Amino acid sequence: MRRRELLAALAAAAASPTRAQQPGPLRQVGALIAFPQSDPLAQAFVKAFTEALGRAGWAEGRNIHIEYRFASGNPSLFKQYAAELVDLAPDAILASTSPALAALRERTRTIPIVFVIVPDPVALGFVQSLAHPGGNITGFASYDAEIIGKWIELLKEAVPALARVAIIFNPDTATDLGLDRVIQAARPLGVTATRAPVHNDAEIVAAISAVAREPGGGLVALPDSFNQTHHAIIIDTAIRHGLPLASVTGFTGAGALISYWFNGIELLASAAGYIDRILRGASPANLPVQYPTKYQLIINLKTAHALGLTIPPSLLQLADELIE
């Protein structure tokens, strides 16, 4: 082989994502996903996670096995599946949402855990700091109270008559950490924000119906595995009562009025990068927790029309996507 061909072959080998993989036993990774297995979001998460690991050189059945559990936003299932995954003693675990992380943390302080969609992990006590997580946990935080406050600002701009906003969440699967700040920040806007804890479909309908009894009402659905699992009834009930709703991207695509959120698929790809580094010897204690850096504003004009709203041109110009 000529020298030029040899150098080209070596360069190609160095660029290959499988360059660091050696024959040996399968590495095992657990994944506790918050949503039902049939949910399109859960399927998109699995696809993104698997493909990102593949780009890093990890192929199912060849050098890695991923054991999935889907908790469907059920508090009991989070605990059951966390126990099952920890009992398998995997090399690392992906935790989707704070209930998944909390359940896993109760079971192990040694198996590396990479989380996604967890609000303010420092305040929740999951990590020591963003720069130096410490312990066996690191990952990608999803939002803080300021983002929820931004949702109310956007609703107010879209609906100037907005006077009251109910914040929907399940206290068993979501935290109200920081909501006091959100409620306080809404007051200068002329908006009274209140908590609306719910646990089932009947309570969702009752909470939304209560907001609709007086004019000027609106809704915020927190990024919550329960809300995602029950998003259809939240959106349908909001539209039936003529209430504008702000939430995450998937809600807006399904009929909510507005969202300001990050790309969750990109977040899963980043989490796969941390899993890859851990499998290659990195410690989660030394991998900094990261927040999303890019958010998208999406407005559903079809829903605006159904609600009889005219979105101000200034807000339309800021939108990254308009659903018509």
Side-chain angles (χ1 to χ4, degrees), residues 6-35 37-70 85 88-97 100-101 104 111-118 121 127 130 133 136-142 228 248-250 253 261-296 320-321:
L6 175 61
L7 291 175
L10 291 173
S16 170
T18 60
R19 64 188 182 277
Q21 301 304 311
Q22 302 296 329
L26 291 177
R27 307 299 294 277
Q28 184 159 262
V29 171
L32 182 49
I33 307 298
F35 315 114
Q37 187 171 2
S38 59
D39 191 306
L41 182 59
Q43 295 173 6
F45 274 19
V46 169
K47 184 175 185 291
F49 186 60
T50 303
E51 290 179 349
L53 284 174
R55 290 191 294 272
W58 300 98
E60 178 67 40
R62 180 170 62 81
N63 55 10
I64 196 172
H65 172 65
I66 307 173
E67 190 73 25
Y68 288 98
R69 295 291 187 276
F70 300 87
L85 290 174
L88 294 173
D91 298 290
I93 303 176
L94 172 73
S96 161
T97 74
L101 180 57
L104 288 165
I111 297 174
I113 300 172
V114 176
F115 64 78
V116 293
I117 319 180
V118 172
V127 298
L130 299 181
N136 64 316
I137 296 173
T138 189
F140 297 82
S142 56
Q228 175 62 34
V248 297
T249 303
W261 200 236
F262 56 85
N263 188 321
I265 303 306
E266 292 180 358
L267 204 68
L268 262 292
S270 299
Y274 268 16
I275 294 285
D276 168 58
R277 292 174 66 177
I278 289 169
L279 293 178
R280 299 179 192 275
S283 168
N286 301 322
L287 297 175
V289 174
Q290 300 184 46
Y291 272 88
T293 57
K294 182 180 179 182
Y295 289 80
Q296 287 188 317
D320 297 284
E321 181 181 349

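From a predicted model like this one, the values you see are computed outputs, not experimental measurements. Positions are given from 1, in the same order as the sequence printed here.
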Worksheet item: Is a donor on one side and an acceptor on the other found under 3.5 Å between the side chain of T138 and the backbone of L287?
Response: yes
Worksheet item: Is the side chain of D276 donor-acceptor paired with the backbone N or O of A272 at a distance under 3.5 Å, no angle test?
Response: no
Practice prompt. Please report the closest heavy-atom contact between P121 and L130, naming both atoms and the distance.
Written response: CG-CD2, 4.4 Å
Worksheet item: If you look at every heavy atom in N63 and W58, which pair is closest and at what distance?
Response: OD1-CA, 3.4 Å
Worksheet entry | Salt bridge R69-E67, side-chain N to carboxylate O under 4.0 Å | yes
Worksheet item: When rounded to the nearest 0.5 angstrom, what is the spacing between OG in S270 and CD1 in I265?
Response: 11.5 Å
Worksheet entry | Which atom of F262 lies closest to which atom of S142, heavy atoms considered | CE2-O, 3.2 Å
Worksheet, complete the sentence: L85 and P90 have their tightest heavy-atom pair at O-CD, 3.1 Å
Item to complete: Enter the distance from I113:CD1 to I93:CD1 here, rounded to the nearest 0.5 Å.
Response: 5.5 Å
Item to complete: Return the minimal non-hydrogen interatomic distance between P284 and P112, and the atom names on each side.
Response: CG-CB, 3.9 Å
Item to complete: Ignoring hydrogens and angles, tell me if any N or O in the side chain of D91 forms a donor-acceptor pair with the backbone of V29 under 3.5 Å.
Response: no
Discussion item. Within the 4.5 Å heavy-atom criterion, are F115 and V127 side-chain neighbours or not?
Written reply: yes
Practice prompt. State, to 0.1 Å, how close D320 and Q296 come at their nearest heavy-atom pair, and which atoms those are.
Written response: OD2-CA, 3.3 Å
Discussion item. Walk me through whether I275 and L279 qualify under side chain to side chain contact (heavy atoms under 4.5 Å, CB included).
Written reply: CA-CA 6 Å; I275 294 285; L279 293 178; 4.0 Å; yes
Discussion item. Does the plane of the ring in F140 sit parallel, tilted or perpendicular to the ring in Y274? Use 30° and 60° as the thresholds.
Written reply: tilted
Discussion item. Could you tell me if Y295 and T249 have a donor-acceptor pair between their side chains, going purely by distance under 3.5 Å?
Written reply: no
Discussion item. So, taking the atom named CD in Q28 and the one named CD1 in I64, what distance separates them when rounded to the nearest 0.5 Å?
Written reply: 9.5 Å
Practice prompt. Report the residue from L32, D39, I33 that forms a side chain to side chain contact (heavy atoms under 4.5 Å, CB included) with F70.
Written response: I33
Item to complete: Determine yes or no for a side-chain-to-main-chain donor-acceptor pair under 3.5 angstrom, with Q37 supplying the side chain and A42 the backbone.
Response: no
